[in-house]
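Each remark here refers to the structure printed beneath this line.
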Amino acid sequence: MSTLHVVFKVAGAEYAIPASEVLQMESFSGATPVPGAPSHVAGLVQVRGRVVPVVDARARFGLPPAERTLDSRVVVGQLGARTVGLLVDSAREVMKLAPDQLQPPPPLVAEQARGFVKAVAQIGQRLVMLIDFSRVIGEEKVHGG
């Protein structure tokens with residue numbers, strides 16, 4: 001059975017997370033910095049009246065920062081009781097992925113990605129990495145605890 005996934009780009013690579021984990025996607029117009037937060041936490045944004053911490057995917061993946069553009073998006077995900085945003089370079093596609101399209105990531109990728117990438121899907125010429133949203137978001141509490 002195919003499941004819908006939200007596809008987003010970070011530094012030219014394509015990643016996906018199950019659409020069931022995504023509440024919404026927002027344009028990114030900047031975040032309020034949080035003193036003492038880990039470097040990959042971009043800050044706080046307001047989403048429909050809720051204050052949501054945002055994790056910078058580039059910083060989290062150890063990639064160089066990039067100019068924010070009109071394409072920059074915050075993918076807002078729900079993990080249990082927590083709502084967290086992931087700042088990505090662009091996100092504008094939803095695709096169906098069937099289980100047989102997903103393969104375990106190559107050992108090098110698995111090692112380098114610190115468990116962030118849990119599967120890889122080959123769609124035609126494209127390679128889409130399925131990320132473990134909870135792993136990427138991390139267990140950081142925003143108040144720096």
Side-chain angles (χ1 to χ4, degrees), residues 2-48 50-99 101-123 126-145:
S2 301
T3 47
L4 282 176
H5 286 71
V6 172
V7 179
F8 57 88
K9 280 189 174 176
V10 181
E14 293 190 296
Y15 299 89
I17 51 177
S20 58
E21 293 178 14
V22 178
L23 292 179
Q24 68 221 58
M25 290 188 273
E26 298 284 322
S27 298
F28 182 72
S29 51
T32 305
V34 181
S39 58
H40 59 266
V41 175
L44 300 171
V45 295
Q46 282 206 24
V47 176
R48 295 186 192 171
R50 301 164 78 176
V51 176
V52 175
V54 173
V55 171
D56 184 332
R58 277 177 171 264
R60 191 65 166 136
F61 294 167
L63 299 162
E67 271 311 302
R68 303 282 174 241
T69 68
L70 291 172
D71 281 335
S72 298
R73 291 285 178 275
V74 176
V75 178
V76 182
Q78 179 84 46
L79 283 172
R82 298 170 64 211
T83 305
V84 184
L86 188 64
L87 174 59
V88 302
D89 294 351
S90 68
R92 59 166 82 86
E93 189 182 357
V94 176
M95 72 166 50
K96 280 187 171 169
L97 292 176
Q101 288 177 289
L102 301 173
Q103 303 162 359
L108 182 69
V109 172
E111 210 171 290
Q112 289 290 321
R114 308 204 293 277
F116 293 159
V117 176
K118 56 181 179 184
V120 178
Q122 180 103 34
I123 297 113
R126 299 164 64 188
L127 200 63
V128 177
M129 290 176 273
L130 195 65
I131 64 167
D132 185 333
F133 196 56
S134 59
R135 209 53 166 301
V136 172
I137 299 307
E139 289 307 310
E140 285 82 18
K141 303 291 179 274
V142 177
H143 49 70

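Reckoned from all heavy atoms, side chains included, excluding hydrogens, waters and symmetry mates. Fair warning: this is a prediction, and the values are worked out from it, not measured in the lab.
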Where do [X] and [Y] come nearest, in terms of heavy atoms and distance?
X      : Y      : answer
Arg135 : Gly115 : NH1-O, 3.3 Å
Pro53  : Leu44  : CA-CD2, 3.7 Å
Val52  : Gly85  : CG1-N, 3.5 Å
Pro106 : Val120 : CD-CG2, 4.1 Å
Ala91  : Val88  : CB-CG2, 4.1 Å
Ala57  : Val10  : CB-CG2, 3.9 Å

Supply the atom-to-atom distance [X] [atom1] to [Y] [atom2], rounded to the nearest 0.5 angstrom.
X      : Y      : atom1 : atom2 : answer
Asp71  : Lys9   : CG    : NZ    : 9.5 Å
His40  : Leu87  : NE2   : CG    : 12.5 Å
Leu130 : Phe116 : CG    : CZ    : 14.5 Å
Gln78  : Thr83  : CD    : OG1   : 4.0 Å

query: Should Val45 and Val76 be marked as a side-chain contact (heavy atoms from CB on, under 4.5 Å) after you check the CA-CA gap, both sets of side-chain angles, and the distance that decides it?
result: CA-CA 10 Å; Val45 295; Val76 182; over 6 Å; no
Donor-acceptor pairs under 3.5 Å, side chain of residues 23-39 to any protein atom, not counting sequence neighbours: which ones?
unit_1, atom_1, unit_2, atom_2, d
Gln24, NE2, Glu26, OE2, 3.0

- prompt: Parallel, tilted or perpendicular: which describes the rings of Phe8 and Tyr15, with under 30° parallel and over 60° perpendicular?
  reply: parallel
message: Using side-chain contact (heavy atoms from CB on, under 4.5 Å), reason through Val7 and Arg126 one step at a time and then give a plain yes or no.
response: CA-CA 12 Å; Val7 179; Arg126 299 164 64 188; 4.2 Å; yes
Sole candidate of Asp132, Ile131, Val136 that passes side chain to side chain contact (heavy atoms under 4.5 Å, CB included) when paired with Ser134: Asp132
task: Begin with the C-alpha distance, continue with both residues' side-chain angles, and end with the deciding distance and a verdict on side-chain contact (heavy atoms from CB on, under 4.5 Å) for Asp89 and Thr69.
output: CA-CA 8 Å; Asp89 294 351; Thr69 68; over 6 Å; no
query: Heavy-atom distance under 4.5 Å between the side chains of His5 and Val128, does that happen here?
result: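 A side-chain contact under 4.5 Å is absent here.
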task: Please assess Glu14 against Met95 for the test side-chain contact (heavy atoms from CB on, under 4.5 Å), listing each intermediate value before the final yes or no.
output: CA-CA 12 Å; Glu14 293 190 296; Met95 72 166 50; over 6 Å; no
- prompt: Can you name the residues that form a side chain to side chain contact (heavy atoms under 4.5 Å, CB included) with Ala98, not counting sequence neighbours?
  reply: Ser2, Asp100, Gln101
